[in-house]
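Beneath this line is the structure, given in structure tokens, with notes to follow.
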Amino acid sequence: MASPTGAVFEKPGTLRTRVEEFLRASIMDGRIKGGERLREQELCEQLGISRSTLREALRTLEAERLITIEPHRGPTVMRITEKAARDLYALRALLEGYAAHEFARLASDADVERLRKAVDALHRQAKGNNKSALLAAKRDFYDVLLGGCDNDLVKDMLPGLLSRINLLRATSFARPERLPESMAEIDLIYERIRARDPQGAQSAAQSHIVNAERTALDVLRRQQQETSDSERDRSEAKGRGGPGAAG
């Protein structure tokens, strides 16, 4: 029904959702780093939104564990520790390995065809430079995989981990040579599924996760060392009185 005033009606969640997607993509792309504070006033001015809209979006990102909101400090992007990464990849190996096993065993031919299309889409995105689109394509691949494994508990458990998994995927893609390796591993998962080889699919999925973990941990250690070096340099500069100090 047309609005009596001629105005265009926008669903209340639309603007908030766009803000969520912008902030989520900024974190995924590394434009906002782990440990970085999100300054509400600056974001409201940058995006042209109200503080209430921003806070609604921030609550969603907090629920996804992309940020933490601390009293008297405000929102801060989660910093992924080595311990957290190891824990997450261990759970990924169990759940996604099981999902690949069950998909190969139970999925319909139509499900396998949907998985093939998801793999093809992932290959197309891997040829580009849009990291957000690449992560979205990989998420689509896992959505098909989970949808065809016919285990409601696995499907219920993984969404809560999805954003943190995406953070770690973004980290593992930081090594350029990792992407072709990752694509070859995903191709192998698909081939084992297409051959209806549950054990082979499970083994391929777990190997993919082990390799992703190794790369992500290497990147995390390097980032931690760079942060430590930067903090040491700032401390030494402050101890000398900083640039331009009288001496």
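Since we're looking at a predicted model, the values are computed, not measured.
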For Leu188, check side chain to side chain contact (heavy atoms under 4.5 Å, CB included) against everything at least two apart and list the hits. Arg192, Ala204
Suppose we screen for side chain to side chain contact (heavy atoms under 4.5 Å, CB included). Which residues come up paired with Ser207, at least two apart in sequence or across chains? Ser203
For the CD1 atom of Ile67 and the CD atom of Glu36, what is their distance to the nearest 0.5 Å? 12.5 Å
Is there a continuous path of hydrophobic side-chain contacts, each under 4.5 Å between heavy atoms, that joins Leu38 to Ile69? yes
Tell me which pairs pass salt bridge (charged side-chain N to carboxylate O under 4.0 Å, His left out) where either residue lies in residues 46-55, with sequence neighbours left out. Glu40-Arg51, Glu40-Arg55
Would you please say whether a donor-acceptor pair under 3.5 Å links the side chains of Glu96 and Tyr142? yes
Of all residues at least two apart in sequence or in a different chain, which pass the salt bridge (Lys or Arg N to Asp or Glu O under 4.0 Å) check with Arg196? Asp109
Do the side-chain N and O atoms of Gln46 and Glu42 include a donor-acceptor pair separated by under 3.5 angstrom? no
Let me check something: do Val210 and Leu217 share a hydrophobic cluster, defined by ILVMFWY side-chain heavy atoms less than 4.5 Å apart, either directly or through other members? no
Applying salt bridge (Lys or Arg N to Asp or Glu O under 4.0 Å) to Lys83 and not counting sequence neighbours gives Asp87
For residues 112-121, which side-chain donor-acceptor pairs fall under 3.5 Å, sequence neighbours excluded?
| unit_1 | atom_1 | unit_2 | atom_2 | d |
| --- | --- | --- | --- | --- |
| Glu113 | OE1 | Arg116 | NE | 3.1 |
| Glu113 | OE2 | Arg116 | NE | 3.2 |
| Glu113 | OE2 | Arg116 | NH2 | 2.5 |
| Arg114 | NH2 | Asp111 | OD1 | 2.3 |
| Arg116 | NH1 | Asp120 | OD2 | 2.6 |

Quiz question: by atom type and distance under 3.5 Å, do the side chains of Thr53 and Ser50 form a donor-acceptor pair? yes
Between Asn211 and Arg178, does the side chain to side chain contact (heavy atoms under 4.5 Å, CB included) criterion hold? Intermediate values first, please. CA-CA 9 Å; Asn211 291 334; Arg178 172 60 192 155; 3.6 Å; yes
Under 4.0 Å between a Lys/Arg side-chain N and an Asp/Glu carboxylate O for Glu62 and Arg59? no
Using 4.0 Å as the upper bound for N to carboxylate O, is an ion pair formed by Glu21 and Arg24? no
